[in-house]
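Following: one structure in structure tokens, then a few remarks.
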Amino acid sequence: MYLDERELYALSDRKLSHIRSTHFAVIPQGISSIGALSVMENILLPFSLAGKVADESAASSIMEKLGISHLASARPAVLSGGELRRMAI
């Protein structure tokens, strides 16, 4: 199996992990947010963990498109199932 002309079966676990984190997205079906963090903080967390700059203005724009911008400071416990899924995207 190839991705960007690289044979995936020949790659190390470390390189495969990097590919998974940069080329694929997972939309969790269960609880995947951190309850102590706001919606905005939960959205920005993966960027920080990946060593990337967490762009709050870009996150705000995405939240607007998903219809959850009014929930930026809310905690996940008050969100509906659909709102949680949109946050996870």
Side-chain angles (χ1 to χ4, degrees):
M1 179 181 293
Y2 290 84
L3 177 69
D4 294 336
E5 299 181 18
R6 290 182 287 185
E7 185 178 0
L8 297 179
Y9 294 114
L11 299 177
S12 68
D13 285 340
R14 184 178 184 92
K15 288 183 180 180
L16 285 171
S17 291
H18 176 74
I19 287 173
R20 282 187 209 102
S21 70
T22 58
H23 287 75
F24 299 97
V26 175
I27 300 175
Q29 297 301 306
I31 297 172
S32 64
S33 59
I34 298 175
L37 300 179
S38 69
V39 169
M40 177 64 79
E41 292 166 335
N42 270 286
I43 290 171
L44 295 175
L45 182 62
F47 294 100
S48 298
L49 294 175
K52 297 180 180 180
V53 175
D55 185 350
E56 195 167 321
S57 64
S60 293
S61 175
I62 292 168
M63 289 174 64
E64 182 71 34
K65 290 176 185 175
L66 294 173
I68 58 172
S69 60
H70 63 287
L71 299 169
S73 62
R75 300 284 184 234
V78 301
L79 274 61
S80 70
E83 291 165 341
L84 283 168
R85 280 188 288 282
R86 285 181 275 158
M87 178 188 72
I89 290 173

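In this text the structure is predicted, and so the values were computed from the model without any measurement.
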Side-chain polar contacts of residues 48-59 - donor-acceptor pairs under 3.5 angstrom, sequence neighbours left out - could you list them?
from	atom 1	to	atom 2	distance (Å)
Asp55	OD1	Ser57	N	3.1
Asp55	OD1	Ser57	OG	2.7
Asp55	OD1	Ala58	N	3.2

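- Residues Leu71 and Met63 share a closest heavy-atom pair of C-CE, 4.3 Å.
- In this structure, OG on Ser33 lies 12.0 Å from CZ on Arg85, to the nearest 0.5 angstrom.
- Note: the hydrophobic cluster containing Met40 also contains Leu79 (ILVMFWY, side chain heavy atoms under 4.5 Å, direct or indirect links).
- A distance of 5.5 Å separates CG in Leu3 from CD1 in Ile19, rounded to the nearest 0.5 Å.
- By the rule that hydrophobic residues join a cluster once side-chain heavy atoms approach within less than 4.5 Å of another member, Leu37 and Val78 end up as members of separate clusters.
- For the residue pair Ser69 and Glu64, the shortest heavy atom distance occurs at OG-OE1, 2.9 Å.
- A distance of 9.5 Å separates CG of Leu16 from CZ of Arg6, quoted to the nearest 0.5 Å.
- Side-chain contact between Arg75 and Glu41 is present, with heavy atoms from C-beta onward closer than 4.5 Å.
- Residues Leu84 and Ile62 share a hydrophobic cluster, clusters being chains of Ile/Leu/Val/Met/Phe/Trp/Tyr side chains in contact below 4.5 Å.
- Within the structure, side-chain hydrogen bond (donor to acceptor under 3.5 Å, both in side chains) contacts touching residues 14-24 (residues at least two apart or in different chains) are Asp4-His23.
- Taking hydrophobic clusters as Ile, Leu, Val, Met, Phe, Trp and Tyr residues chained together by side-chain heavy-atom distances below 4.5 Å, Leu44 shares a cluster with Leu66.
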